[in-house]
Amino acid sequence: MPLHPRSALDALLHRMTDRIRQSLELSEILASTATEVQTFLRSDRVKVYRFAPDGSGEVVAESIRDNQLPSLLGHRFPAEDIPQEARDLFLTVRQRNIVNVAEQEIGISPLFSPAQQQRNHDIWFRQVDPCHVEYLTNMGVQSSLVVPVLYRHQLWGLLVAHHSQPRHIGPQDLEVVQLVADQVSVALAHAMVLKQSRLQAQHEATINRVVTLLHRAPAPALQAALNQTVTALQGLGGRLYLAASASGAQGQPLTAGPPPAIGFKCSSLVAGRAAPPLEHLPAWRAWLRTEASARPGEQIWVIDDLQQSQLPAALKSALQLEDMCGILVAQLTYRQQHLGYLSIFRQAITVETIWAGRLDSRDPRQQLPRQSFETWREQKHGQAHPWSENDIELAQTLAHHFAQVIYQGRLYAQVQGLNIALEGRVLQRTVELQQANTDLKREITERENTLHQLQLAKDSFKRLSHQNELILDSVGEGIYGIDLRGHVTFVNPAAAETLGYATDKVLGQFMHHLIAPTQPDGTPYGWKQSPVFKTLTDGTTHQVSGDCFRRRGDVYFPVDYTSTPIHENGKTLGAVILFKDITERQMVERLKDEFISVVSHELRTPLTSIRTALGLLVQNDLNVAPDKRRRMVEIAFSNTNRLVRLVNDLLDVERIKLGKVNLKKQACDLSELMCQSADEMRAMAEKNDIQLIISPLSIQLWVDRDRIIQTLANLLSNAIKFAPNGSTVKVLATLADVSPSDNNQDDSANNPPSLTSKPSSSSGGITQITAAVSQVVLIAVQDEGKGIPGDKLETIFDQFEQLNVSDNEHQGGTGLGLAICRSIVEQHGGKIWAESTLNQGSTFFFTLPIDGKRSLDQTGLPQLAD
């Protein structure tokens with residue numbers, strides 16, 4: 001197909017816009033659209049296809065060129081012809097389809113990219129489904145173009161172009177047809193507004209006519225208003241039932257309809273008695289109580305098909321009227337008074353549908369893809385005439401006016417009766433007022449006394465409230481109160497401080513959103529699933545342990561809390577929540593569990609080995625070689641030493657923790673301490689093929705000799721244990737100056753200061769140093785092992801904390817060595833820490849004051865100079 005000049009495209013869009021402006025009649029606009037597109041594309045047939053709610057569709061506008069293809073105007077197509085998945089693509093991405101039967105291909109062009117949600121101009125081609133090809137071929141179509149038409153974000157219909165010969169449709173043509181479809185969407189909006197305006201005008205005119213009849217003087221024309229209502233709602237007949245009034249007037253029905261007047265067969269309900277009004281039947285009242293209202297909050301009920309409804313059989317029999325099918329019942333209520341019912345009845349109708357063929361399993365031509373599109377006329381008699389939303393709204397409005405007039409009439413009658421009774425009451429009231437005047441003087445005196453007592457009670461309450469406020473502010477646990485909506489009514493300073501807010505910032509807040517409570521496993525509570533909400537709803541106390549609250553900064557902490565309801569006169573007014581941060585308690589419990597687990601494991605392993613070895617040795621008939629028997633004794637002895645070390649470590653940790661360790665300080669040469677500790681570990685180093693290098697520093701320190709050797713031995717044991725075979729472990733010592741700013745560090749472990757190491761000068765083997773308070777000895781133990789992760793550099797000094805390693809030869813140990821080292825170093829006034837690089841090695845540092853008699857608790861953590 002040749003490209004169209006830009007002027008032709010602009011002219012087409014201009015004509016479409018003018019037609020929309022000139023006419024708001026939807027049928028004219030759709031017909032003009034089909035004609036313009038057919039002329040523009042030179043198609044054999046262009047049709048506008050509108051979808052029904054059930055998925056079927058109807059051709060509502062059509063333009064055919066020279067009778068090239070048969071007309072389908074007014075024909076209905078089954079929902080199966082356009083599957084649901086295809087309709088979904090038309091709606092979600094506004095997919096356009098171009099089919100060329102001769103080339104067996106389909107061009108797909110979504111108007112919007114699903115991923116990027118932006119307008120798309122590309123066309124993707126793929127092989128068309130054989131089913132689709134056969135379907136178009138049977139319609140006499142060789143190429144087609146389909147563009148969706150949307151209205152209010154819903155799929156309204158399709159703009160379809162058919163060609164009896166293969167035709168090429170390019171992106172330019174597709175874009176023009178898309179613009180036309182967009183104009184049709186605009187026209188739909190205008191037409192729907194016009195339709196709604198006309199319908200609203202009709203309703204207003206009907207309401208005005210009915211209201212005029214209802215307000216006719218001297219008495220309302222209820223019968224004429226009922227007739228007008230039946231006509232406006234396209235009813236077969238109607239019924240206005242006025243309920244009995246408070247003055248004793250009996251209920252009476254008014255009926256409207258063609259002769260014979262509408263009646264009700266009630267003989268089956270009340271045998272042997274005169275038929276009561278329909279509204280007095282128990283079945284009628286039961287139906288109104290159980291049937292759902294057609295509009296939420298309104299007392300109006302509708303039945304589209306009487307035979308298909310759930311009405312009791314007896315009531316259906318009572319409503320047997322010729323051709324009657326639908327019922328609308330509106331309760332007449334004004335100012336919460338029940339005044340009666342307005343009922344409208346509709347007759348059945350005949351529905352005719354013209355199908356473009358029909359799906360029928362008995363007809364072999366109707367198997368998909370359909371082979372026959374012959375016109376088939378279907379007539380359905382006795383069909384329901386459904387009540388639309390506009391019908392229900394009009395009926396509700398008219399019922400309101402009926403109720404208003406009936407209420408005003410009854411109110412006027414009541415006023416007349418009250419006027420008569422009022423005159424008699426005036427005389428009686430005069431006597432009563434005189435007596436009331438005397439009583440009033442007495443009551444004034446009593447009231448003054450009561451006010452005085454009330455003021456005294458208020459003063460007492462004020463003092464009591466102040467005392468309660470002081471008590472609440474002094475409580476160490478968090479307390480806050482909420483109303484039934486969960487908003488904070490009061491909060492004590494402990495609660496606000498724990499949550500990280502000022503007290504005035506918490507008041508009035510929705511506490512559930514503020515603290516965002518979660519279960520112990522981190523699952524958040526919904527407001528209606530939380531224990532606090534249950535307290536507000538069922539009025540019971542709930543105690544919860546282990547849940548988490550959120551404090552300011554999105555930090556969660558575990559709590560124990562109790563939610564207690566606030567009752568007054570048997571009603572729940574709110575709740576008081578008392579909570580406590582249990583972070584420290586959980587940490588203690590976790591440490592206790594870890595302690596029991598580690599100790600039990602460390603005891604069980606050597607005890608099992610000892611028991612096994614000794615068990616074999618005590619057997620008299622055991623034929624064991626002397627070397628094996630000796631090996632068993634060695635195993636038992638080794639594990640006994642392991643138990644002794646574990647018990648000694650545990651006792652050391654406990655004694656240090658309780659402050660029961662008395663350091664036996666004396667003047668010691670650091671070089672001797674370093675050499676002695678190295679000698680103790682040299683056998684272990686040689687066994688593991690590790691070279692031990694010591695760089696001693698000769699300087700006098702005031703320390704506990706055994707404890708410092710124990711510290712160095714522990715650090716060397718760890719270094720040898722985790723160092724690879726053939727590597728080197730070094731022990732270095734140097735002097736370091738601590739800068740004055742480093743002495744003010746609150747957390748030296750996390751902020752190790754830099755310092756400068758100085759070489760020592762020795763004379764006669766003993767270093768003579770006059771040390772200042774700012775100078776310390778820095779000792780380092782270096783290995784070439786796998787290193788320590790950064791997040792473990794601090795936790796490894798905790799009790800029972802061990803690194804997870806893959807080498808079996810490095811397993812073992814109680815996890816107490818480094819904890820004991822830290823305690824010993826800190827008791828000497830020093831600091832200990834670790835630095836590591838993964839796969840390169842680790843270095844453990846600790847400092848000791850040169851003059852141990854001076855406290856260096858504020859000394860920062862230095863780094864060993866290269």
Side-chain angles (χ1 to χ4, degrees), residues 670-671 673-675 677-678 681 692-697 699 701 703-704 707-723 727-739 741-743 745-760 771 774-798 801 803 817-838 840-850 852 856-866:
L670 177 60
S671 63
L673 301 181
M674 295 173 63
C675 292
S677 60
M681 293 286 96
L692 195 58
I693 299 176
I694 308 298
S695 298
L697 173 64
I699 184 173
L701 298 177
V703 295
D704 187 323
R707 292 297 181 180
I708 297 302
I709 291 176
Q710 180 183 1
T711 300
L712 286 169
N714 278 338
L715 295 178
L716 283 171
S717 175
N718 284 345
I720 295 170
K721 186 187 304 182
F722 289 97
S727 62
T728 301
V729 172
K730 298 179 181 179
V731 183
L732 310 174
T734 186
L735 296 178
D737 288 332
V738 180
S739 62
S741 61
D742 293 334
N743 293 334
Q745 294 292 336
D746 293 331
D747 187 0
S748 57
N750 296 328
N751 300 281
S754 298
L755 47 82
T756 304
S757 58
K758 298 181 178 180
S760 60
S774 60
Q775 197 171 50
V776 296
V777 174
L778 176 64
I779 300 131
V781 178
Q782 294 180 339
D783 64 58
E784 299 175 356
K786 294 183 178 180
I788 305 172
D791 58 345
K792 295 290 186 179
L793 289 175
E794 179 61 23
T795 60
I796 57 175
F797 291 97
D798 296 337
E801 187 67 29
L803 292 178
L818 290 178
I820 294 174
C821 291
R822 167 167 281 183
S823 299
I824 293 173
V825 171
E826 289 180 350
Q827 279 199 321
H828 280 82
K831 300 293 182 181
I832 185 170
W833 71 98
E835 296 178 1
S836 179
T837 302
L838 292 179
Q840 295 184 18
S842 305
T843 303
F844 283 81
F845 299 92
F846 71 92
T847 63
L848 292 174
I850 294 177
L856 296 179
D857 289 342
Q858 301 300 322
T859 302
L861 298 180
Q863 295 178 351
L864 186 66
D866 294 334

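Below, each value reflects all heavy atoms present in this structure, side chains not excepted, and no hydrogens, waters or symmetry copies.
In this structure, CZ in Phe797 is found 4.5 Å from CD1 in Ile832, a value given to the nearest 0.5 Å. If you take NZ on Lys730 and CD on Glu784, they are separated by 7.0 Å, rounding to the nearest 0.5 Å. Atoms CG and OG, on Leu715 and Ser842 in that order, are 11.5 Å from each other to the nearest 0.5 Å. Atoms OG and CD1, on Ser677 and Ile708 in that order, are 10.0 Å from each other to the nearest 0.5 Å. One finds the CD atom of Glu794 at 8.5 Å from the CD1 atom of Ile796 (value rounded to the nearest 0.5 Å). Distance CG/Leu692 to CE/Met681: 9.5 Å, rounded to 0.5 Å.
Taking each heavy atom of Leu838 and Gly787 in turn, the nearest pair found is CD2-C, 3.9 Å. Smallest separation of non-hydrogen atoms from Pro696 and Ser671: CB-CB, 3.7 Å. In terms of heavy atoms, Thr711 sits closest to Cys821 at O-SG, 3.8 Å. The minimum heavy-atom distance between Met674 and Leu697, with the atom names listed, is SD-N, 3.9 Å. Nearest heavy atom pair, residue Ala733 against residue Ile779, reads CB-CG1, 4.2 Å. Shortest non-hydrogen contact noted between His828 and Asp704 is NE2-N, 3.0 Å.
Between the Thr734 side chain and the Leu778 main chain, no donor and acceptor come within less than 3.5 Å of each other.
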Pair Ser836-Leu793, side-chain contact (heavy atoms from CB on, under 4.5 Å): steps then yes or no: CA-CA 8 Å; Ser836 179; Leu793 289 175; 4.0 Å; yes
Working for side-chain contact (heavy atoms from CB on, under 4.5 Å), residues Ile850 and Leu735: CA-CA 9 Å; Ile850 294 177; Leu735 296 178; 3.8 Å; yes
Derivation and outcome, side-chain contact (heavy atoms from CB on, under 4.5 Å), residues Phe846 and Leu712: CA-CA 10 Å; Phe846 71 92; Leu712 286 169; 3.8 Å; yes
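In this structure, the side chains of Asn714 and Phe844 stay at 4.5 Å or more apart for every pair of heavy atoms.
Ring-plane geometry between Phe845 and Trp833 is classed as parallel, the angle between the planes falling under 30 degrees on a 0 to 90 degree scale with a further cut at 60.
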